[in-house]
Every structure is written in C-alpha cells, then in structure tokens.
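Worksheet for the structure shown next.
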Amino acid sequence: MKWKQYAVITGMAAVTAAAIMASCLSGAAEKNAGTVVKEAPAEEQPVLVDTLAIPHDKFGESVRYGRELMLRTAYYIGPNGINGQYLGNKMNCTNCHQDAGTKPYAFNLVASHENYPQYRAREGKVLTLAERVNNCVMRPHNGKPLPLDSKEMIAFLSYLKWINSFAPKGSHFKGEKNLDVHFPDTAANPVNGKALYSTYCSRCHGTEGQGQLTADNGTYTYPPLWGANAYQPGSSMHRVIKQAQWLKANMPYDKATHDKPFLTDAEALDIAAFVNDDKQHTRPGVKSFDYPVAAEKPVDYDHPPFVDSFSVEQHKFGPYKPVVDSWKAKGMKAVY
C-alpha cells in the first residue's frame, strides 16, 4: 500500500474512532442527565511584555523613552540628569519596579494605566496616573515633580499605557500584586534582621546600607537602603510588611524567585524591620506623612494618630495579628 493511501485510511479510521467515542460520551451524558460538570477555573498567568512589539512611530518613540526612564532614571532626570534635574537621589525606578515595572510580584505596573485615576488613602483624594508618577519622583526619589506636559511625563504615561495593552482587561493576573506574607505571633525583630542582612544583603547593599555606585558615580548598581540618598520615610518600602512582601519574591536577587522564595516570611519581616528601623538609620526629611484619614492608614504605618489603642512600636514592627483582628472586629478593613 502506498503511504498516501495508508494515510487516508488511517485518517478515516481515526475519524471513525472519534465518532464512536463521541457517541459513547453522548450516551453517557444522556444517561447522567442532570449532572453538571464544572470546568476548573483557568490558572492565572504572569503577563509577559514583548518589547520588540513597541511600534516604530512617534508613539513608539515616546514608549521607548519611557522605558529608558524606568531603567535609567538617574541618568536622564537625576541630580546630574542630561534632560533635567528632578530627582534628589541617584536611584532608578526599576530598583523597586523591577524589569521596568513588568516583573511579577515586584511592584508590577502593567495594570497601572487601567487602574487610574483612583482614590489614594495617602493623599486622601483621587489621583491621576501623572500625579502618581510624581509621587514616586518626590518620595522614593526625594525629588521635585515633573511638569505634567513635559516630554518625560508624557513618556512615562506612554510607556505605562503600552505595557497595559498586554494585561487582561477587567481581570487580575498573576504577579499583579506582591506576594503575601503570613504574620508570626511575635513582632518583627530588627536584631535578627541585622544578622540576616549581614549574611544575605550587605554584599550588594553595603554594610552601612549605602549601596554600590556605578563606576561613573551616575547611579547605583545596587541602591542604598537607608541614609541621605535612600528613599524617604512614608515611601511604600519604608513600611515593614510592604517591604517584606517584596523581599519574599525578589531577594536575594540570585537565590529567590516568586515561586521559590529563599527567605521565610518571618525572615523577610525581620530584614525589613532592620532596614526600616528609624532608631538605627537616618533618612531624608519629609514635610508631611500624609494619610489625612486615620481609619485609612495601613496597619504597618507608624505615624499617629491611630483609630486603635496599639502603640507606634506595634504598628511599626507588630505583632500585626492583634491589630488586624481588632480592625476586623470593628468592621473596618485592615490594609497592608
């Protein structure tokens, strides 16, 4: 028999077999009429952004510059920036929003364009995305706001709009938020955090948290974690729970992945407690700690007034379970 004829016959046999199977399944379905078979929900997947798909037009130029600003913020708009001096330090957006805001579980920004304008408890008002960009410029970067019509602001917004095109519309996706951490029954321990920092973090960020500058001193290979050149108090990274969630998925950078964290939840909390211990480490000064509505403050925000009777120390380091339980008992939403 020739191969072509064999292929045709084999194909016909396969179709016949499929028809018989379908008939059997149909009969089984009729026999079990009324039985509802539920499909398993599709597993959320991380959003992958393909930078090769950036369009080659004027909008694409703005998108590319926006991505460059995410990766090399200090070079363009840092203290010695070639396109303006807006930052008060030499850190880059990608230090926290890793892979230019596209890495899962690393302050991911892929959905930000869809999510704004939104109400922000920190300011107590609805913010536009441009205002939110400037919040990062002013707080973690200790800088001054970009003009809303500047080439740089338009580039940031163009980039955020473009990466948002890869996100599923109207639904959440894997890695959109940082990983959760489970709270131990004890407070986060800065003393233990110091030992862990020495073992896992100091090789990159320095024994004094000073970070590692590049050879030209223009920016950081590894950013500072405290001191005059680090992020301000009130920044998201200055909250112990918030930083621990980020650490769990991302640090140490050469050991941890989001699906195989290296640090335990307690260790991540301890390191964050040490890094953010204001009794040990100084930071740039701020004029306002915001959160005008006390009931909207995150659990780990340590600046009074509070709507509960827990101390500044407990809000800062925990234990957090009693605080969360107290808020829930009052019908209030505990944010962290």
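Small disclaimer: the values here were computed from a predicted structure and weren't measured. Reckoned from all heavy atoms, side chains included, excluding hydrogens, waters and symmetry mates. All residue numbers refer to positions in the sequence shown, counting from 1.
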List in chain and number order the residues that pass side-chain contact (heavy atoms from CB on, under 4.5 Å) with [X], two or more places apart in sequence or in another chain; answer none if no residue qualifies.
| X | answer |
| --- | --- |
| A53 | D50, W162, F166 |
| M251 | Q98, W246, L247, Y253 |
| D265 | V181, H182, K248 |
| A130 | T128, L148, M153, L157 |

Report task. Please list all pairs passing the salt bridge (charged side-chain N to carboxylate O under 4.0 Å, His left out) test where one or both residues lie in residues 113-126, with sequence neighbours left out. Result -> E123-R139
[X] side chain near [Y] side chain, heavy-atom distance below 4.5 Å:
| X | Y | result |
| --- | --- | --- |
| K90 | P223 | no |
| V312 | H303 | no |
| H97 | M70 | yes |
| K316 | S311 | no |
| M332 | V307 | yes |
| I54 | F59 | no |
| D149 | P147 | yes |
| N276 | R283 | yes |

Is [X] linked to [Y] within one hydrophobic cluster, defined over Ile, Leu, Val, Met, Phe, Trp and Tyr using a side-chain heavy-atom separation of less than 4.5 Å?
| X | Y | value |
| --- | --- | --- |
| V63 | Y116 | yes |
| I163 | F156 | yes |
| V275 | F107 | yes |
| L109 | V137 | yes |
| L213 | L87 | no |

**Report entry** Verdict with supporting geometry, E296 and K333, side chain to side chain contact (heavy atoms under 4.5 Å, CB included)
**Finding:** CA-CA 8 Å; E296 295 176 348; K333 183 180 180 180; over 6 Å; no
Query raised in the report: Thinking salt bridges, do D308 and K297 make one under a 4.0 Å N-O criterion?
Result: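 Salt bridge absent between D308 and K297.
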**Report entry** Salt bridge flag under 4.0 Å for residues D185 and K321
**Finding:**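 Between K321 and D185 there is a salt bridge, with a charged N closer than 4.0 Å to a carboxylate O.
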Give me the atom names and distance for the closest heavy-atom approach of [X] to [Y].
| X | Y | result |
| --- | --- | --- |
| A100 | T94 | N-OG1, 3.1 Å |
| S326 | F310 | CB-CE1, 3.7 Å |
| Q85 | P79 | CG-O, 3.1 Å |
| N108 | V110 | OD1-N, 2.9 Å |
| G318 | A187 | O-CB, 3.1 Å |
| A230 | P284 | O-CG, 3.5 Å |

So, the side chain of [X] versus the backbone of [Y]: is there a donor-acceptor pair under 3.5 Å, distance only?
| X | Y | result |
| --- | --- | --- |
| D300 | Q314 | no |
| D99 | G101 | no |
| E61 | K58 | no |

Requested in this report: Carefully, step by step, assess N164 and S112 under the rule side chain to side chain contact (heavy atoms under 4.5 Å, CB included).
Outcome: CA-CA 7 Å; N164 188 215; S112 58; over 6 Å; no
Pairwise distance [atom1]([X]) to [atom2]([Y]) - rounded to 0.5 angstrom:
| X | Y | atom1 | atom2 | result |
| --- | --- | --- | --- | --- |
| S62 | E152 | OG | CD | 9.5 Å |
| Q243 | N178 | CD | CG | 11.0 Å |
| Y231 | C136 | OH | SG | 13.5 Å |
| C96 | K103 | SG | NZ | 12.0 Å |
| L160 | N115 | CG | CG | 11.0 Å |
| K151 | L69 | NZ | CG | 9.0 Å |

Query raised in the report: Which residues pass the ring-ring contact (aromatic ring centres under 6.0 Å, His included) test with H113, sequence neighbours left out?
Result: none
May I ask you to check whether [X] and [Y] place their ring centers less than 6.0 Å from one another?
| X | Y | result |
| --- | --- | --- |
| Y291 | Y301 | yes |
| F306 | H315 | yes |
| W226 | F274 | yes |

Requested in this report: Would you please name every residue forming a side chain to side chain donor-acceptor pair (under 3.5 Å) with N95, sequence neighbours left out?
Outcome: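 Here no residue qualifies.
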Query raised in the report: Considering the options I77, N134, T73, which one meets the side chain to side chain contact (heavy atoms under 4.5 Å, CB included) requirement together with Y86?
Result: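 With Y86 as partner, side chain to side chain contact (heavy atoms under 4.5 Å, CB included) holds for just one option, I77.
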Test question: given the 4.5 Å side-chain rule for I, L, V, M, F, W and Y, name all other residues clustered with [X], or answer none.
| X | value |
| --- | --- |
| L48 | none |
| V191 | none |
| L71 | none |
| Y105 | L179 |

Report task. Test side chain to side chain donor-acceptor pair (under 3.5 Å) on Y65 and N83 and set out the steps. Result -> CA-CA 12 Å; Y65 183 38; N83 290 342; 2.8 Å; yes
Query - Steps toward side chain to side chain contact (heavy atoms under 4.5 Å, CB included) verdict (T102, V47) - result: CA-CA 8 Å; T102 65; V47 170; over 6 Å; no
Using only heavy-atom distances, determine whether the side chains of [X] and [Y] contain a donor-acceptor pair under 3.5 Å.
| X | Y | value |
| --- | --- | --- |
| N92 | T219 | yes |
| N142 | Q232 | yes |
| D278 | H238 | yes |

**Report entry** K328, NZ: over 12 other non-hydrogen atoms inside 6.0 angstrom
**Finding:**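 Atom NZ in K328 is not crowded, with 12 or fewer foreign heavy atoms closer than 6.0 Å.
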Requested in this report: Evaluate the side chain to side chain contact (heavy atoms under 4.5 Å, CB included) criterion for residues Y75 and I82: first the C-alpha distance (whole Å), next the side-chain angles of each, then the deciding distance (0.1 Å), finally the verdict.
Outcome: CA-CA 7 Å; Y75 175 75; I82 64 169; 3.3 Å; yes
Report summary line: Here the side chain to side chain donor-acceptor pair (under 3.5 Å) pairs for residues 190-201, sequence neighbours left out, are N192-D270
